Every structure is written in structure tokens, then in C-alpha cells.
Amino acid sequence: MSSERRKPYPFDQIEPRWQTLWDEREIFHGPNPGEKSFDAAKPKFYVLDMFPYPSGAGLHVGHPEGYTATDIIARYKRMRGFNVLHPMGWDAFGLPAEQYAIKTGQHPELTTRANVAKFKSQLKRIGFSYDWQREINTTDPRYFKWTQWIFLQIYNSWFNLKTNKAEPIATYRGKNPDEVRLAYVADVAVNWCQELGTVLANEEVVDGKSEVGGFPVVRRPMRQWMLRITAYAERLINELEGLDWPEGIKSLQRNWIGRSEGAEVDFKIDKSEPDGHQIRVFTTRPDTLYGATYMVLAPEHSLVDLIVTEEQWPSVREYREKTARKSDLERTELAKDKTGVFTGAFAVNPVNEERIPVWIADYVLLGYGTGAIMAVPAHDERDLEFARKFNLPVRQVVQPPGDEEPIGFVGDGIAINSPIINGLPSREAIRKITAWLEERDLGKGAINYKLRDWLFSRQRYWGEPFPVVWQSEPDGQHRKHRALDENELPVVPPPLEDYKPTGTGEPPLAKAKDWIRHSKNATRELNVMPQWAGSCWYYLRFCDPENDQRFVGEKAEKYWMGGSKPGGIDLYVGGTEHAVLHLLYARFWQKVLFDLGHISKPEPFQRLVNQGIILGEDGQKMSKSRGNIVNPDDVIDQYGADAFRCYEMFMGPLEQMKPWSMRGVEGVSRFLARVWRLIMTENQSGQWELSPAVQDVDLTKAQQKILHATIKKVTGDIESLSFNTAISQMMIFVNAFIPQRGTETIPISAMRTFLVLLNPFAPHLSSELWENLKSPGQITAQNWPGYDEKFLIEDEVEIVVQVNGKVRDRVRMSIQAGEEEIKKAALALPKIQELTTGKRILKVVVVPKKLVNVVVE
RNA sequence: GCCGAUGUGGCGAAAUGGCAGACGCAACGGACUUAAAAUCCGUUGGGCUUAAUAGGCCCGUGUGGGUUCGAGUCCCGCCAUCGGCACCA
């Protein structure tokens with residue numbers, strides 16, 4: 001495709017002109033309450049994109065897919081009389097800039113600045129109507145000051161189970177507040193990635209490898225900052241209810257939080273000593289307690305040290321070492337092959353006083369439940385496999401319904417061999433035995449979650465430093481964390497010569513010797529926050545980005561995050577890759593801030609839509625190695641931004657995965673060129689001028705109909721985000737208005753209305769043509785057109801006539817024709833006569849204005 | 001294994017339970033042109049019948065059943081693809 005080919009219409013002149021004009025006049029600024037141009041009579045609409053990480057590679061065609069959708073909505077809502085908040089910013093802390101710094105010594109701030117400039121100019125080239133006055137950058141001290149401030153709120157609060165919400169730590173009556181803070185320090189087995197030199201959150205580890213880079217990750221105990229997200233597990237599940245999210249994303253979140261109901265049961269260790277250790281297990285099936293024939297502790301379980309017998313120590317020690325050496329990857333790869341060793345200890349089953357052996361095995365995870373299980377091999381696949389391997393007894397305690405194989409049956413049935421609950425169906429048996437345990441103080445009903453607390457510190461440079469110092473205790477031995485005062489914010493990262501991780505687990509900030517010292521007896525926390533921190537609340541900052549008194553002004557927050565629904569943002573569009581992490585973390589922070597009374601909504605995102613990923617022309621995922629990446633700049637050079645936008649929307653349903661096609665872009669570009677030539681014509685000297693066919697004439701009845709049908713369809717389709725069919729309808733409109741032999745004129749009023757409809761999709765072209773038609777004011781200031789049903793109704797309709805469900809003929813009838821009349825007319829048709837004579841007519845179904853179905857034997 | 005999504009022409013796709021394939025791409029034919037590009041017009045799911053691209057008939061939305069006058073659409077079973085989770089007790 002030669003680039004010197006003539007442009008189908010002069011988009012290369014039109015587009016930059018309008019972009020400059022929008023910029024200079026700040027046409028898309030959405031004023032806050034209190035600003036001069038604010039109109040309180042208008043309703044608000046907050047439409048948000050997931051803000052990007054400004055990478056060095058620039059935009060790819062996936063970014064603008066969601067951005068175009070939200071831009072159409074934003075432009076449409078403005079014309080519908082809403083105050084629209086449509087902002088953009090940069091999630092700019094993170095690994096690539098830091099790794100670039102390690103390689104080149106260039107400060108990440110410089111890299112970030114260059115990348116932001118590139119992204120911004122690319123976005124502007126597409127003509128998005130962002131309110132650039134609200135641009136934010138998570139790495140800007142004026143921004144992360146408030147990220148740190150929010151951390152202080154989390155640090156300075158605790159979760160009150162009685163009220164089921166976070167409260168200021170001052171209201172905590174216990175002895176040691178540090179035990180209950182929502183941000184706390186713990187020695188935990190973390191995901192350590194040697195290659196990246198940092199720990200990672202569970203969520204950032206995929207198949208035992210780092211999500212970023214794919215480097216191996218191992219378990220290692222380290223002292224880390226944690227956020228008590230588990231306190232919100234219940235609410236994070238329950239409050240999904242009121243949100244307009246795709247069901248799939250909701251269930252992903254529910255799944256991740258992983259609620260299960262059951263009981264905790266205590267088993268006493270059978271040792272002669274009276275000090276009596278206990279093993280507490282979690283089970284979802286307390287009704288199978290009589291079937292417990294052995295127990296298993298996670299190898300790392302702290303009780304193991306206390307109960308192992310002399311003679312079993314060597315094998316236990318060996319097994320533990322072997323397990324510890326395994327990475328998560330190996331542990332899952334070997335998942336199917338059960339291993340374990342006997343501890344030599346026995347426990348007593350509380351329901352029948354039976355002595356059962358205690359084993360350790362790595363199929364029991366320290367991180368889930370209590371890190372210990374009662375094994376019921378008859379009714380649990382894993383236990384059964386283990387029992388068979390080590391010849392442990394198997395006892396059936398549930399009778400399956402029907403004639404299913406009882407051993408290995410894991411469903412609900414009837415309790416047997418279980419004196420207390422014999423004969424009861426499983427659900428009832430669970431209730432009864434749980435009550436029985438509770439009465440005797442042997443256990444209690446319990447709810448357990450897969451969700452772990454959020455590992456919140458990273459051993460990196462390019463992130464928000466913690467607003468925390470470590471202070472020597474009077475005894476001179478211990479050091480204790482203390483939050484900085486609000487007025488000491490922001491804590492800005494120190495400049496470094498060398499950004500490399502130390503490799504020891506000590507963060508790179510340790511190299512800034514001067515910076516570390518906070519005061520005479522206090523040194524700074526050296527970890528930084530994970531990249532998620534900045535994106536947990538950016539949507540709030542957009543409401544009031546300049547505020548230097550508060551993270552967001554109260555009035556602005558109430559206004560933009562307002563409304564009658566639980567979530568404040570009216571529409572949030574982004575990729576599914578954030579289905580769990582970002583969306584869960586942001587909801588968590590929102591709830592903490594809500595509980596503490598800082599904001600007005602319990603949920604951030606009322607309506608969520610995921611755009612599907614765009615594949616390469618070959619139907620494969622776009623990647624450098626496949627060489628199938630499409631660069632938006634190239635597309636815009638060749639076809640213009642409007643064609644780019646329209647093609648992205650015309651490809652198919654927004655939420656669907658779909659392959660790119662340059663031919664498709666060309667097709668859409670042809671459509672836009674037809675719009676151009678409908679109104680403009682080229683004169684002898686090759687100049688574009690207004691077409692003489694465009695005249696102030698009345699519309700024909702047919703034109704009237706198609707115009708109103710188009711208004712109706714496009715309006716409905718924008719509301720339901722069905723942009724592909726909206727564009728189809730506009731194509732139909734244009735095809736119908738192209739001058740045919742006979743109709744030589746193009747009614748100017750229809751063109752003006754159409755340009756308004758087209759404006760959200762192709763803002764440059766429609767603005768230019770609007771101006772060329774000498775229309776009043778700016779197109780962006782127009783009201784969205786309404787349609788009149790009366791133009792859509794025809795006097796006559798074609799009615800399909802079926803015999804036994806097959807279309808055999810059709811008949812034109814007046815719209816007013818009644819059922820009887822239609823029936824009569826249909827049966828009178830010669831063709832129908834022919835097909836029905838000699839047959840008995842069983843039934844005639846009449847759907848007015850649509851069809852008749854004659855049912856014969 | 002569990003959860004979720006998706007299966008419609010050569011391709012992207014469209015269709016409140018009521019004419020399957022709108023719109024676009026590609027392909028083919030034609031107009032304009034010395035020619036090409038661009039543009040415009042027409043044809044285009046498969047098959048049978050027919051002199052006929054008139055007319056007529058049959059089949060067709062992954063697959064097998066069901067509900068219904070009528071199913072791409074609703075219900076049940078199965079298959080395939082994609083995404084997520086996965087020794088979660």
C-alpha cells in the first residue's frame with residue numbers, strides 16, 4: 001500500500017486543526033461544583049478508563065479500544081446534558097522504568113516523563129475528549145503524598161467485628177493495638193523472586209513464576225508489611241451484589257475470596273504429659289468426623305516441633321527440608337503424587353476417643369484454614385490417595401444416594417457409622433454435630449476464606465516509600481514502627497546512583513545512607529509500596545486533582561461519586577487482566593475510606609465493562625515475536641483518527657475478542673469518505689467545496705423515516721454500548737442519502753442531524769462538516785437529537801404468510817388491519833389456497849403487523 | 001476437576017421466540033478510464049429443478065433430544081475452543 005496514495009478525504013488537515021481547537025478552548029473541561037461554569041441543574045456522569053502504565057513502547061491498538069468506547073459515551077452524555085467527568089492519567093510507578101534505570105543509570109523519573117509525553121501525544125492524536133486539566137500521575141509527589149496519607153489511615157485503624165467496619169485505632173480497647181491494625185508487620189512466608197530482587201503478592205505469582213518477567217519464585221520467611229484485606233472478605237463478596245458487573249468477573253472475585261462454611265474442631269494430642277497440645281483443623285464436612293482415620297499437618301506447621309517423637313525426628317526433618325527446597329512451581333507440578341511422613345504422634349478424635357496417627361504432608365497448605373486437616377479418606381479424593389499410598393485405614397461414614405460407589409464419594413448423602421448423627425442427611429448432620437461440638441467446647445462453626453492478607457511491601461526503588469519510621473525502644477534492644485505525622489508527607493524517594501536490588505532482600509533504599517536517618521533515634525522504613533497502591537484510589541483523585549488540603553475535596557467527591565447506587569463511577573471500562581487484583585484492592589481501599597467517613601460510597605465502580613482483546617491479523621495474540629503488532633500511529637497516518645476510532649468500534653461487540661483487519665479499516669474509511677463526499681465536492685482545480693446538491697429542502701417521506709430510524713437505533717445502541725451496530729445503521733443512512741438518478745438534492749437539515757449522531761464516533765470529520773454547512777455554534781454544544789415514532793410507522797406493512805412454519809407467501813396489509821382481516825386475506829392467497837385445499841386447517845396463528853402461520857395436518 | 005465465556009457464509013459479524021446472514025470485508029460481473037487506481041452499479045450460504053440468474057423445491061446457526069403453531073434465540077444432555085482457578089480440606 002503506497003503511502004503517497006491520495007487520501008480519500010483530507011483527514012490529515014482536518015484532524016490536527018480540531019484537536020488544537022479543542023485543546024485551546026478547553027472544550028472538554030468538566031467543571032467542579034464551585035467553579036464558575038458549573039451548572040448544578042445538570043446530572044453528572046463519571047466515565048472512566050483504566051489508566052495505563054506509560055511504557056516505552058507507546059500505545060498499542062488494544063488501549064484505544066476501551067478508550068474509544070468511553071469517549072463515545074462521554075461525548076454522547078455531554079450532548080445529552082450531563083456534566084461529564086472523563087479523565088486520564090498515568091499509573092507510572094513500576095518495574096520497567098526501574099529496570100531501565102538499572103541498565104542505564106537514568107533516573108526513572110526521566111524515563112517516566114518521556115513515556116508520558118509519548119502516550120499523551122498519541123492519545124491526543126486519536127481525538128479523545130479527556131479533561132486534561134485533571135491529568136494525574138501516580139509518581140508525582142503531589143499525588144503520592146495522598147497515597148501515603150491513605151496508608152496512614154489504614155495503619156491507624158482496625159476492623160471492629162461488632163460493627164463490621166474499620167474504626168480509628170483510638171477506639172480499640174485491647175492491650176496492643178499493633179496486633180489489630182489494618183496495616184501491620186509480620187514475618188510471613190513470602191514469594192521471593194531472586195531475579196527481581198523482591199517479594200511478590202500471591203496475585204503476582206503465576207504457576208510459581210513472577211507475573212512480570214516469568215522468573216522463578218520461592219517461599220521464604222521475611223518481615224513484611226501486610227494489609228488486613230481478609231477483614232473485608234465477607235463484605236467484598238456480599239457487596240458485589242449491587243454492582244452492574246459482568247457475572248464472570250463477579251464470580252472470579254468470589255472465587256478468589258473463596259468463602260467456605262464448615263467447622264473448626266480441636267483434636268488433643270495423645271501424649272502422657274498433661275500439658276496437652278491440640279491440633280485445630282478446619283473442615284467443611286464435620287459430618288464425616290467419624291471417618292477421620294488420620295491427621296495431616298502442613299510441614300511448616302509450628303506444632304510439628306512439639307509433637308514429633310524422638311525416633312521420627314530424622315525422617316521428619318528430612319521431609320521438611322525437601323519440601324522447603326521445592327519452589328511453588330515444583331510443588332504444583334508434582335501435585336498428583338502424594339508424599340508425607342509420620343510424626344510418631346497420635347491425636348484423639350473428639351467424637352469417639354479414637355487414637356489416630358498424625359502425619360505431615362505437603363498436600364496440606366500452611367496458608368489455608370488452620371494448616372492442618374483431619375483426613376477422611378473414604379470421602380475425600382486427596383485423603384484417599386494418600387491413605388492408599390501409606391496403607392492407612394478407610395472408613396465409610398456417608399451413604400451415597402442411589403447405587404454410587406461409597407468409597408471416594410464426596411457429595412451429600414446419609415450419615416452412617418456415626419452414632420451421634422446416624423441416618424441424617426449430610427446438611428442436617430453437619431448442623432447437629434457442629435452444635436454437639438460447640439456444647440462440649442470441642443469445636444465451633446467457622447467460615448474460612450482462601451483470600452490471604454495483602455502483602456504490601458516491595459524491595460524496590462521506584463514506588464511510594466512508606467510514611468513509617470522505626471524507632472528504638474527505651475530498652476535499646478527492640479525497634480518499633482511508628483507512623484509519620486501527616487505534615488511530614490510526602491516522603492519522597494532519595495536519589496540513588498545505583499538502583500540495583502541488593503540481592504539480599506534488603507531494599508535498594510538501604511543504599512541512601514543520609515535519607516534513612518529520620519531523626520536521632522529513628523530510621524526510615526526501606527520498603528516501598530507495590531504498584532497497585534496508586535491505582536487503588538486514582539479515580540477519587542480525578543474528582544479534585546489539584547486539592548492540596550485533602551486527598552479529594554468533600555464536595556467534589558460527593559458530586560462526582562454521587563448517585564443512588566452503591567458505586568460512584570457510572571461506567572468503568574478496562575481489560576479482564578484486572579478482574580481480580582486491581583478491582584479487589586481498589587474496592588478494599590474504598591471500603592476503608594468509606595468506613596472512616598472520608599468518602600460517601602462503599603463501592604467505587606458501579607458499572608464495569610471489559611473490552612475484549614484485539615488479536616493480530618493472523619488471529620493470534622499480538623506479540624513482538626510474532627511480528628503481528630499493529631501500531632495505532634501507522635493506522636492513523638494512513639486512514640486518519642476517525643477511521644481508526646470507527647473501525648475499532650465496528651469490528652464487533654466491545655466485550656468480544658476479535659482479530660484486527662486492515663481491510664476492515666479501509667472499509668470504514670470508505671464510509672467516512674462517502675460521508676465527506678455527500679456534503680463536499682471537488683471542483684475543477686481540485687479544491688473541496690460545499691456540494692451544490694446540499695440544499696435547504698424538505699425530506700421525502702422515505703428520508704424522514706430513515707433519519708428517525710437512525711436516530712433511534714444509534715441512540716439505543718450507544719446506551720447499550722453496541723457501537724458496531726450503531727455504525728452499521730449510519731452506513732445504511734448514508735447509502736440511502738447518496739444521490740440516485742432522480743433525487744439530486746441532499747437536505748441540509750438531515751445532514752446536520754446526522755452529523756450530530758456521527759460526532760461521538762468521528763468527532764473531527766463531523767465537526768469539520770458541521771462548520772462547512774455553516775451550522776450554528778459548535779457541534780459539541782448541540783443537543784442530542786430526538787426521534788419521532790410517527791415517522792417510523794408506515795401505513796402498510798408486509799405480512800409473512802407461513803404454512804406449518806415455512807414462509808410461502810407475503811401480503812401487504814394496512815397497519816390497522818385486525819386479526820380476522822389479516823387471517824382472511826392470508827387464507828385467500830392463491831398460493832396458500834393451493835397448499836391448504838384438501839387439508840384440514842388445525843389452527844391459524846396471527847401476529848399483527850408481522851405474520852400469519854397456517855397450521856394444517 | 002471446578003467456574004465462566006463462546007460456537008452462525010470464504011472472513012469480521014447481525015437478528016424483543018416470528019422472513020437467518022443486516023452492515024462491512026473478500027470475490028465475481030459491469031460502468032467510467034487509453035490503462036490502472038479511486039469512485040459508482042449489480043451478484044454472492046449450500047444444493048436440486050428449470051432453456052433461464054423467471055418461477056418452484058429442499059437443506060442450513062457445533063451436536064443429540066425437548067418445549068412451541070413457530071427455536072440461532074428457551075430447557076436438558078454432549079462435543080469443541082478460549083479465559084480463569086486448581087492438593088483450598
Side-chain angles (χ1 to χ4, degrees), chain A residues 2 5-8 206-207 246-252 254-256 258-260 262 281-285 288 296 331-332 334-338 361-365 367-376 379-383 385-386 410 448-451 576-577 579-580 610 612-613 617 619 621 646-647 650-653 655-668 670-671 673-674 677 722 724-732 735 738-741 798-810 831 842-847 849-856:
Chain A
S2 72
R5 199 179 61 195
R6 238 178 112 269
K7 306 261 186 293
V206 179
D207 288 336
E247 204 38 56
I249 302 295
K250 284 192 186 181
S251 72
L252 267 170
R254 279 192 209 102
N255 213 288
W256 189 264
R259 179 184 195 273
S260 33
V281 302
F282 173 76
T283 175
T284 54
R285 293 299 296 273
T288 62
V296 185
R331 239 168 121 155
T332 36
L334 303 170
K336 294 303 149 216
D337 201 19
K338 296 277 179 296
D362 66 2
Y363 84 90
V364 172
L365 310 172
Y368 184 76
T370 61
I373 61 156
M374 63 173 204
V376 184
H379 305 296
D380 183 282
E381 274 177 54
R382 298 147 298 174
D383 295 347
E385 198 190 325
F386 191 83
V410 297
N448 199 33
Y449 298 95
K450 275 202 280 190
L451 185 68
T576 7
E577 67 272 21
V580 179
N610 295 118
I613 61 170
E617 299 239 15
K621 226 172 147 175
C646 288
Y647 175 66
F650 187 64
M651 289 172 81
E655 306 194 38
Q656 197 165 295
M657 182 193 297
K658 43 211 179 280
W660 187 268
S661 154
M662 275 303 176
R663 302 284 202 174
V665 184
E666 218 167 294
V668 171
R670 273 203 279 269
F671 156 66
R674 273 205 296 279
R677 289 195 314 267
S722 310
N724 53 331
T725 48
I727 293 171
S728 295
Q729 181 63 36
M730 291 191 279
M731 288 172 169
I732 291 170
N735 291 345
I738 280 177
Q740 308 284 319
R741 290 165 299 270
E798 190 176 72
I799 288 174
V800 169
V801 184
Q802 303 179 328
V803 175
N804 284 350
K806 292 205 167 100
V807 182
R808 296 299 170 171
D809 206 353
R810 29 203 105 210
K831 245 190 109 189
L842 302 175
K843 195 173 179 183
V844 180
V845 182
V846 180
V847 182
K849 296 183 227 174
K850 278 241 165 73
L851 99 175
V852 177
N853 189 11
V854 183
V855 185
V856 297

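Please read these numbers as outputs of a predicted model, since none were measured by experiment. In the text below, chain A, chain B and the rest are named by the order of the sequence lines, each starting its count at 1.
Residue A:Pro653 is in sugar-phosphate contact alone, with no base atom involved, counting any heavy-atom pair closer than 4.0 Å across all strands shown. Contacts of A:Met657 with the nucleic acid, taken as non-hydrogen atoms under 4.0 Å apart, involve only primed sugar atoms and P, OP1 or OP2. Using a 4.0 Å heavy-atom cutoff across all strands shown, A:Ile373 reaches at least one base atom of the nucleic acid. Residue contacts shown for A:Ser260 are limited to sugar-phosphate atoms, with no base heavy atom under 4.0 Å away. Using a 4.0 Å heavy-atom cutoff across all strands shown, A:Lys621 reaches no nucleic acid atom at all. Residue-level contact check: A:Arg259 touches neither bases nor backbone, having no heavy atom under 4.0 Å from any strand.
The side chain of A:Ser728 contributes no N or O atom lying less than 4.0 Å from OP1 or OP2 of B:A13.
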Dump the pairs, protein N or O against N or O of nucleotides 65-70 of chain B, anything under 3.5 Å, distances to one decimal.
residue : atom : partner  : partner atom : Å
B:C69   : OP1  : A:Lys843 : NZ           : 3.2
B:C69   : O2'  : A:Asn853 : ND2          : 3.3
B:C69   : O2   : A:Asn853 : ND2          : 2.6

Distances under 3.5 Å between nitrogen or oxygen atoms of protein and nucleotides 24-26 of chain B:
residue : atom : partner  : partner atom : Å
B:G24   : OP1  : A:Asn735 : ND2          : 3.0
B:C25   : OP1  : A:Arg670 : NE           : 3.0
B:C25   : OP1  : A:Arg670 : NH2          : 2.9
B:A26   : OP2  : A:Arg670 : NH2          : 3.3

What nitrogen or oxygen pairs link the protein and nucleotides 48-50 of chain B at under 3.5 Å?
none

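Residues passing the salt bridge (Lys or Arg N to Asp or Glu O under 4.0 Å) test with A:Lys450, sequence neighbours excluded: none. With sequence neighbours excluded, the residues that form a side chain to side chain contact (heavy atoms under 4.5 Å, CB included) with A:Ile249 are A:Trp245, A:Pro246, A:Leu252, A:Thr576, A:Ala579, A:Leu583, A:Leu608, A:Asn610. With sequence neighbours left out, the side chain to side chain donor-acceptor pair (under 3.5 Å) criterion links A:Asp380 to A:Arg382. A search for side chain to side chain contact (heavy atoms under 4.5 Å, CB included) contacts involving A:Arg810 returns A:Glu798, A:Val807, not counting sequence neighbours. Partners of A:Tyr449 under the ring-ring contact (aromatic ring centres under 6.0 Å, His included) rule, at least two apart in sequence or in another chain, do not exist in this structure. Partners of A:Tyr647 under the ring-ring contact (aromatic ring centres under 6.0 Å, His included) rule, at least two apart in sequence or in another chain, are A:Trp660. The side chain to side chain contact (heavy atoms under 4.5 Å, CB included) search around A:Ser722 returns A:Asp717, A:Ser720, A:Asn724, A:Thr725, not counting sequence neighbours. In this structure A:Arg677 satisfies the side chain to side chain contact (heavy atoms under 4.5 Å, CB included) test together with A:Ala673, A:Arg674, A:Trp688, sequence neighbours excluded.
Applying the 90° cutoff around 0 to the glycosidic angle, B:G56 is assigned anti.
Stems are defined here as 3 or more consecutive Watson-Crick or G-U wobble pairs with pairing distances under 3.5 Å; those involving RNA chain B are B:1-7 with B:79-85, B:10-12 with B:23-25, B:27-31 with B:39-43, B:45-49 with B:55-59, B:62-66 with B:74-78.
Toward the 5′ end of RNA chain B lies the nearest nucleotide of A:Asn255, the other residue of the pair A:Asn255 and A:Met374 mapping further downstream. Both A:Gly369 and A:Ile727 lie near RNA chain B, and the one whose nearest nucleotide falls closer to the 5' end is A:Ile727.
Contact annotation: side chain of A:Arg810 to base of B:C19, donor-acceptor pair present below 3.5 Å. The base of B:C87 is paired with the side chain of A:Lys338 by a donor and an acceptor separated by under 3.5 Å.
In this structure, A:Trp256 atom CH2 and B:C2 atom P are separated by 21 Å, rounded to whole Å.
The nucleotide whose nearest atom lies closest to any side-chain atom of A:Val364 is, among B:G56, B:A89, B:U16, B:A89.
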